[in-house]
Amino acid sequence: MLILHQKLTEITQAALQQAFPEEFASSLKSGSPLNAQLVYASKPEFGDFQINGALSLSKALKQPPRNIALEIIKQLNKDEKFLEICQLPQIAGPGFINLTIKGSQITSALISRLNDDRLGIPLVQKSKKEQLSRVVVDFSSPNIAKEMHVGHLRSTIIGDSIARVLEFRGHEVLRLNHVGDWGTQFGMLINYLKTVSPKALQEPDAIDLGDLVEFYRQAKKRFDEDSEFQDASRKEVVKLQSGDHESLQSWGLLCEQSRKEFEKIYTRLDIRLQERGESFYNKFLQAVVDELKASGLLVTDNGAKCVFLNGVTGKDGKPLPMIIQKSDGGFNYATTDLAAIRYRLHSSPQGDGANRLIYVTDAGQASHFAGVFQIAKRAGWLKSNARLEHVPFGLVQGEDGKKLKTRSGQTVKLRELLDEAVSKAETDLRQRLQDEGRQESEAFINHVSKTVGLAAVKYADLSQNRVTNYQFSFERMLALQGNTAPYLLYALVRIAGIARKGGDLYIQNNVTLNLTENIEWELAKALLKFDAVILEVEEELLPNRLCSYLFELSQIFNRFYDQLPILKTNETTKNCRLILCRLTADTLKQGMNLLGIPTLERM
RNA sequence: GGGGCUGUAGCUCAGCUGGAUAGAGCGACGGUUUCCUAAACCGUAGGUCGUGGGUUCGAGUCCCGCCAGCCCCGCCA
């Protein structure tokens, strides 16, 4: 539908221009050209597209809306290209123009999609200008020496999906894991490591720290109780920052240990991520300070070097500062974030040469990023086409509406959360098999449980608008009905079932589509909307739009499946319906793939 | 005190640049299976879109005030 939308936009603009040439010309000069406002129809009974412009142009053109609509229609009816695409336009209500695409256009669009493994989604133009197009998606970002918990769930899943969509569109995507691998807590950790396991330094591979979370907890406990330990830890921070060999080695060991744990989760969730922690930017921190100083943004206040933000005021009404270098000479996270922006935007090889930076972090950091972005802009680091975007998301809440915790009040570990989802899916599946008297192998049960459980967790998160808080509920996500992963997976299973029962989904002979039933048309049109949805997600970075689309597509397919026989009809009708099945399957699979969710043949 | 986000059906949520009679799912109630997986499908009930103003031909959507909840606000990340 993208191509049709584009063509019709041009055609309706031309019609508007021809209907009101003088007004159109003067509107061009004034810089706010008249717009026919062609959009997708809000309801099926209004056709496929609607022109809304007649209503809003009423004042400018000094005519009643229906007259304007009539004039536009006159021009449209003279346009051969238009008549080729659409049926005769209809005026409706106060002055809307409803457009319905001709059936032949729909079927030929479907057929061209059969031979298109990109399902109508264009690749970004590799023109010279866009060749430099590189996108950084900064997501997941757990802290070293801490286990991943629910807090990382949303960033990881949403960030991955956004990266997948951008990659599919042909952007060069840098998936960066900005792990917390630097900071004062390492003094404590290294000191504790030296205390409990001095051998670890000689043979880094020989030692297994085990549960790092427990290790962290014990270190923290010792730190809080033992003042000598505290002093030693502070000295350790200084040693680490000054590049002491032994300290760095311990630090590396801790990072390596964490990395192994993170990898397990990423492998399980099928997430690719390039680790580039905060420490990477250490060598650029001083340069940030120098550049901000040179550009005149840096102000020393109470010994700290700050940049005062525009439009952000504190209690006394004065601008709030962002601290770039503490009075003791140390840097903090704002400095690191600035160094990261600078590096990512800087052309290679001194930087990543990216022109779109996407940060998938919780909404609580909104003002932090607003501040950091502002400084980057004022420092002149952005080229004209560069975009900095914070992609915020809400909290994960329990069913009580409060931040999700375990029964004992602990943070929920991501690993355990995933285990539970899979195990619940398994219980459910076994019950179902028993009820239906089905026999399946253990391998099948394990595979389906794992796929369904993880898909449920991902989909539940992605299907909600990320800005709002998200109420986590195993019961709902695994309910296996409604807007859930299992519902979508089931639609695919049905299609796979048809193929097993002798339906050839990949008919090679020159196909002709002859759609007769309403539900067939509905399905056909739904399939054609996929391309527009993907472009919308690319722009708005809202994966839930894709989820809604896939859910609606599945609903339409299920109705189609319910109402019409597919295999038990005459040959022509059968082939035609098989093509609809195949395109539905391809679209669902590709859509799910962009959500990071693998699909099943049977479940 | 300043700033941000949120407030839509009993519950969980959609609602794209303002457009026609505000939509799903769950739950509730009722129906559908000699046929491709019923993890499905069909139907019924359920709403002063937090609230009061304003802009507009038209507002859930934009602007202002108020109420409620959550989050952020100089040397932690």
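Below, chains carry the letters A, B, ... as their sequence lines are ordered, and counting in each starts from 1. We use all heavy atoms of the structure for the numbers below, so side chains are in, but hydrogens, waters and symmetry mates are not. Quick caveat, the model's predicted, so the values are computed rather than measured.
Ring pair A:F49/A:H5: centre-to-centre distance below 6.0 Å.
Using the Watson-Crick or G-U wobble rule with both distances under 3.5 Å, B:G27 pairs with nothing in any strand shown. For B:A45, there is no paired base (Watson-Crick or G-U wobble, both distances below 3.5 Å). B:U61 is unpaired under the Watson-Crick or G-U wobble criterion, no partner having all donor-acceptor distances under 3.5 Å. Pairing for B:U32 is with B:A40, a Watson-Crick or G-U wobble pair whose two hydrogen-bonding atom distances lie under 3.5 Å. Searching all strands for a Watson-Crick or G-U wobble partner of B:A9 with both distances below 3.5 Å returns nothing. Figure legend. B:C66 is base-paired to B:G50; pairs are counted as Watson-Crick or G-U wobble with both atom distances under 3.5 Å.
Distance A:Y487 OH to B:A40 P: 7 Å, rounded to the nearest Å. Following rounding to the nearest Å, A:I97 (CD1) and B:A20 (C1') show an atom-to-atom distance of 14 Å. Residue A:R476 contributes atom CZ, which lies 12 Å from atom P of B:C26 at whole-angstrom precision. Rounded to an integer number of Å, the gap from CE of A:M1 to P of B:C16 is 20 Å. The CZ atom of A:F444 sits 13 Å away from the P atom of B:U37 (whole-angstrom rounding). Taking atom CD of residue A:Q471 and atom C1' of nucleotide B:U6, one finds them 14 Å apart after rounding to whole Å. The distance from atom CG of A:D362 to atom P of B:C72 is 9 Å, rounded to the nearest whole Å. Remark: P of B:G15 and CD of A:E536 are 9 Å apart, rounded to the nearest angstrom.
The phosphate of B:A40 has neither OP1 nor OP2 within less than 4.0 Å of any side-chain N or O from A:Q563. In this model, the phosphate group of B:G15 is approached by a side-chain N or O of A:N544 to a distance below 4.0 Å at OP1 or OP2. Of the side-chain N and O atoms in A:R494, one or more sit less than 4.0 angstrom from OP1 or OP2 of B:A38. A close approach under 4.0 Å does not occur between any side-chain nitrogen or oxygen of A:K305 and OP1 or OP2 of B:G74. Within the structure, a side-chain polar atom (N or O) of A:Y490 is placed less than 4.0 Å from OP1 or OP2 of B:A38. In this model, the phosphate group of B:A20 is approached by a side-chain N or O of A:S42 to a distance below 4.0 Å at OP1 or OP2. At the phosphate of B:C35, neither OP1 nor OP2 sits under 4.0 Å from any side-chain N or O atom of A:K501. For the OP1/OP2 pair of B:U37 and a distance below 4.0 Å, the side-chain nitrogens and oxygens of A:R602 include no atom meeting the criterion. Between A:N465 and B:G15 there is a side-chain N or O to OP1 or OP2 distance below 4.0 Å.
Rounded to whole Å, the separation between the P atoms of B:G23 and B:G15 comes to 15 Å. The separation of B:A40 from B:A77, taken at their C1' atoms, amounts to 48 Å, rounded to a whole angstrom. A distance of about 34 Å separates the P atoms of B:C71 and B:A28, rounded to the whole Å. Nucleotides B:A45 and B:C26 are separated by 15 Å at their C1' atoms, to the nearest Å. For the P atoms, the distance linking B:U56 with B:G3 amounts to 27 Å, nearest Å. Taking atom C1' on both nucleotides, B:G53 is separated from B:U48 by 16 Å, rounded to a whole Å. One C1' atom belongs to B:G46, the other to B:U8, and the distance between them is 14 Å to the nearest Å. The same atom, C1', is picked in B:U55 and in B:C13; the two are 30 Å apart, to the nearest Å.
Residue A:K59 is the one, among A:G330 and A:K59, whose nearest nucleotide of RNA chain B lies closer to the 5' end (criterion: closest heavy atom). Closest-nucleotide positions on RNA chain B for A:L542 and A:I498 were compared, and the one nearer the 5' end corresponds to A:L542.
Among the protein residues, A:T468 comes within range of the sugar-phosphate backbone only, with heavy atoms under 4.0 Å from sugar or phosphate atoms but none that close to a base. When heavy atoms are screened at a 4.0 angstrom cut-off, A:L564 is found touching base atoms of the nucleic acid. Using a 4.0 Å heavy-atom cutoff across all strands shown, A:A363 reaches no nucleic acid atom at all. Residue A:Q555 is classed as a sugar-phosphate contact, given heavy-atom separations below 4.0 Å to backbone atoms only. Using a 4.0 Å heavy-atom criterion, one finds that A:S56 contacts the bases of the nucleic acid, with or without backbone contacts as well. A:G497 comes within contact range of the sugar-phosphate backbone alone, with a heavy-atom separation under 4.0 Å but no base atom that close. At the heavy-atom level, A:I519 lies nowhere under 4.0 Å from the strands shown. Within the 4.0 angstrom heavy-atom criterion, only backbone atoms of the sugar-phosphate kind lie near A:N469; the bases stay farther away. Counting any heavy atom pair closer than 4.0 Å across all strands shown, A:A334 reaches no nucleic acid atom. Residue A:V467 is classed as a sugar-phosphate contact, given heavy-atom separations below 4.0 Å to backbone atoms only. Residue-level contact check: A:G183 touches neither bases nor backbone, having no heavy atom under 4.0 Å from any strand. Backbone-only contact: A:R545 has heavy atoms under 4.0 Å from sugar-phosphate atoms and none from a base. Using a 4.0 Å heavy-atom cutoff across all strands shown, A:V39 reaches at least one base atom of the nucleic acid. Contacts of A:P321 with the nucleic acid, taken as non-hydrogen atoms under 4.0 Å apart, include base atoms.
Expressed to the nearest 0.5 Å, how far CE of A:M148 lies from NZ of A:K146 amounts to 13.5 Å. With rounding to the nearest 0.5 Å, the separation of CD1 in A:I556 from CG in A:L523 is 7.0 Å. Between the CG atom in A:L488 and the SG atom in A:C547 there is a gap of 7.5 Å [rounded to 0.5 Å].
Among B:U37, B:A14, B:G4, the nucleotide with an atom closest to any side-chain atom of A:A366 is B:G4. Here B:G19 is the nucleotide among B:C72, B:G19, B:A39 with the atom lying nearest to any side-chain atom of A:N52.
Between the side chains of A:Q63 and A:S58, no donor N or O sits under 3.5 Å from an acceptor N or O. A side-chain donor from one of A:D435 and A:Q431 sits under 3.5 Å from a side-chain acceptor of the other.
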_Stepwise ring pair (Phe, Tyr, Trp, His ring centres under 6.0 Å) check, A:Y333 with A:F331_ = CA-CA 7 Å; A:Y333 70 110; A:F331 305 103; over 10 Å; no
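Ion pairing between A:D48 and A:K525 holds under the 4.0 Å rule for side-chain N and carboxylate O.
In this model, no side-chain donor or acceptor of A:Q365 finds a partner on the base of B:A77 within 3.5 Å. Counting distance only, with no hydrogens placed and no angle test, the side-chain atoms of A:N98 and the base atoms of B:A20 include a donor-acceptor pair under 3.5 Å.
With respect to A:I375, the side chain to side chain contact (heavy atoms under 4.5 Å, CB included) criterion is satisfied by exactly one of A:D337, A:L298, A:L338, A:V288: A:L338.
In this pair, A:F557 and A:F560 present their aromatic rings tilted. The plane angle is within the 30 to 60° band.
Judged by centroid separation below 5.5 Å and plane tilt below 30°, A:F96 does not stack onto the base of B:G19.
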